[in-house]
Amino acid sequence: MQLINGIPNIIEGMAYYPHILVPNEAFGREMYEINLAIDDSTFDQFNDEGYIGLHHAGKKKFTPDPVITFQRFAYSHNGKPNKKPRLVDTENTDIDVTIGNGSRVKVMWKHSEYGKPNRVKRPELVAVQIVDLVPYEASGDNVFVDPETVEFD
């Protein structure tokens with residue numbers, strides 16, 4: 001295993017709101033991303049190195065654990081598509097599945113730095129290996145409901 005700034009380049013944890021093969025368009029710039037709930041020690045390593053995308057324990061509603069958001073821009077600053085992260089099974093075979101929240105995964109990342117005049121350090125998403133898949137279930141939040149037909153108890 002390689003180390004990046006003293007941190008393993010493969011981190012294991014619980015996945016939340018992953019967008020691995022299809023980028024998330026919710027924040028104005030398309031991003032491949034995964035929120036990874038991790039242990040305190042690993043979180044502290046990223047925090048001590050000054051990476052962004054860190055959320056202290058208890059800050060995210062979906063887990064009491066500390067979280068790192070690994071991201072990769074879908075497009076470069078000149079509009080050229082960036083390479084998609086790989087999604088693999090335990091045999092390192094490429095797969096195409098939708099990952100449910102709470103799945104146990106390993107995330108491979110690399111160091112990314114950008115911005116002027118202040119440099120930003122980001123853990124960039126490279127690949128995700130599914131260790132224990134939780135099937136994805138749509139929340140129903142995006143389903144259109146006709147307000148005329150809604151009944152309250």
Side-chain angles (χ1 to χ4, degrees), residues 1-116 118-139 141-142:
M1 180 179 317
Q2 292 182 310
L3 296 179
I4 302 171
N5 295 324
I7 307 168
N9 74 323
I10 298 174
I11 306 295
E12 187 169 340
M14 300 298 267
Y16 293 95
Y17 303 102
H19 292 86
I20 309 304
L21 301 177
V22 177
N24 185 359
E25 301 177 8
F27 301 107
R29 187 162 180 197
E30 294 180 55
M31 301 280 263
Y32 300 106
E33 66 183 359
I34 187 168
N35 293 287
L36 192 69
I38 57 167
D39 62 86
D40 292 330
S41 174
T42 304
F43 181 87
D44 290 342
Q45 287 179 293
F46 279 91
N47 193 42
D48 291 347
E49 287 298 322
Y51 284 97
I52 65 168
L54 307 180
H55 311 278
H56 290 277
K59 293 293 182 182
K60 291 292 187 180
K61 293 179 183 179
F62 50 81
T63 181
D65 298 319
V67 172
I68 297 178
T69 302
F70 294 91
Q71 297 177 316
R72 174 182 281 176
F73 292 111
Y75 298 92
S76 67
H77 64 282
N78 64 5
K80 180 182 172 190
N82 286 327
K83 187 176 179 181
K84 287 183 182 182
R86 283 187 69 198
L87 178 61
V88 299
D89 62 16
T90 55
E91 303 297 320
N92 287 324
T93 303
D94 289 299
I95 56 175
D96 183 359
V97 297
T98 304
I99 303 170
N101 288 336
S103 294
R104 184 158 259 336
V105 300
K106 292 180 181 179
V107 171
M108 179 182 284
W109 67 283
K110 69 179 185 178
H111 173 87
S112 179
E113 205 167 315
Y114 56 89
K116 294 180 184 176
N118 298 325
R119 302 297 290 169
V120 174
K121 292 169 70 172
R122 176 186 300 281
E124 185 176 335
L125 178 61
V126 173
V128 174
Q129 181 183 52
I130 298 174
V131 176
D132 185 20
L133 179 66
V134 172
Y136 172 79
E137 292 183 25
S139 66
D141 293 342
N142 297 328

Could Lys121 and Glu49 be called an ion pair, given the rule that one side-chain N must be under 4.0 Å from one carboxylate O? yes

Atom pair OH (Tyr16) and NZ (Lys60), whose distance is rounded to the nearest 0.5 Å: 12.5 Å

Show the nearest heavy-atom pair for residues Ile38 and Asp65, with the distance to one decimal. O-CB, 3.9 Å

Is there a donor-acceptor contact under 3.5 Å from the side chain of Asp89 to the main chain of Glu91? yes

Is it the case that Asp44 and Ser41 place a side-chain donor and acceptor less than 3.5 Å from each other? no

For residues Leu87 and Val97, determine if any side-chain heavy atom of one lies less than 4.5 Å from a side-chain heavy atom of the other. yes

Of all the heavy-atom pairs spanning Ile52 and Pro123, show the shortest one and how long it is. O-CD, 3.5 Å

For residues Arg29 and Phe73, determine if any side-chain heavy atom of one lies less than 4.5 Å from a side-chain heavy atom of the other. yes

Under a 4.5 Å cut-off applied to non-hydrogen side-chain atoms, are Thr93 and Val88 in contact? no

Are the side chain of Thr42 and the backbone N or O of Asp39 linked by a donor-acceptor pair below 3.5 Å? no

Does the side chain of Leu54 come within less than 4.5 Å of Pro66's, by heavy atoms? no

Could you grab the distance from atom CG of Asn9 to atom CH2 of Trp109, nearest 0.5 Å is fine? 8.0 Å

Residue pair Arg104, Glu12: steps toward the salt bridge (charged side-chain N to carboxylate O under 4.0 Å, His left out) verdict: CA-CA 7 Å; Arg104 184 158 259 336; Glu12 187 169 340; 3.6 Å; yes

If we only count heavy atoms from C-beta on, is the Asp94 to Arg86 side-chain gap below 4.5 Å? yes

Would you confirm whether the ring centroid of Phe43 sits within less than 6.0 angstrom of the ring centroid of His56? yes

Are Asp132 and Ser103 packed together at the side-chain level, in the sense that at least one heavy-atom pair is separated by less than 4.5 angstrom? no

From Leu36, Val126, Ile10, residue fulfilling side-chain contact (heavy atoms from CB on, under 4.5 Å) relative to Val107: Leu36

If you apply the rule side-chain contact (heavy atoms from CB on, under 4.5 Å), what do you find for Phe62 with Asn101, and how did you get there? CA-CA 9 Å; Phe62 50 81; Asn101 288 336; 6.0 Å; no

Kindly compute the distance separating CD1 (Ile34) from CD1 (Ile11), expressed to the nearest 0.5 Å. 12.5 Å

Whether over 12 other heavy atoms sit under 6.0 Å from Lys106 NZ: no

Those residues that, when tested against Lys84, pass side chain to side chain contact (heavy atoms under 4.5 Å, CB included) (two or more places apart): Tyr32

Side chain to side chain donor-acceptor pair (under 3.5 Å) partner of Tyr114, chosen from Arg119, Arg122, Glu124: Arg122

Begin with the C-alpha distance, continue with both residues' side-chain angles, and end with the deciding distance and a verdict on side-chain contact (heavy atoms from CB on, under 4.5 Å) for Ile4 and His111. CA-CA 7 Å; Ile4 302 171; His111 173 87; 3.7 Å; yes

Evaluate side-chain hydrogen bond (donor to acceptor under 3.5 Å, both in side chains) for Asn92 paired with Gln129, printing each intermediate quantity in order. CA-CA 7 Å; Asn92 287 324; Gln129 181 183 52; 3.1 Å; yes

Got a second to check how far Arg72's CZ is from Phe70's CZ, nearest 0.5 Å? 13.0 Å

In Å and rounded to the nearest 0.5 Å, what is the CG to CE distance from Asn82 to Met31? 10.0 Å

Examine distances only and state if a side-chain atom of Asn35 and a backbone atom of Thr69 form a donor-acceptor pair shorter than 3.5 Å. no

Please report the interatomic distance CG(Asp48) to CG(Asn5), rounded to the nearest 0.5 Å. 11.5 Å

Do Glu113 side-chain atoms and Val120 backbone N/O form a donor-acceptor pair below 3.5 Å? no

Would Tyr17 and Asn24 count as a side-chain hydrogen bond (donor to acceptor under 3.5 Å, both in side chains) if you check the C-alpha gap in whole Å, the side-chain angles of each, and the deciding distance to 0.1 Å? CA-CA 9 Å; Tyr17 303 102; Asn24 185 359; over 6 Å; no

Side-chain touch Ile99/Ile130, heavy atoms, less than 4.5 angstrom: yes

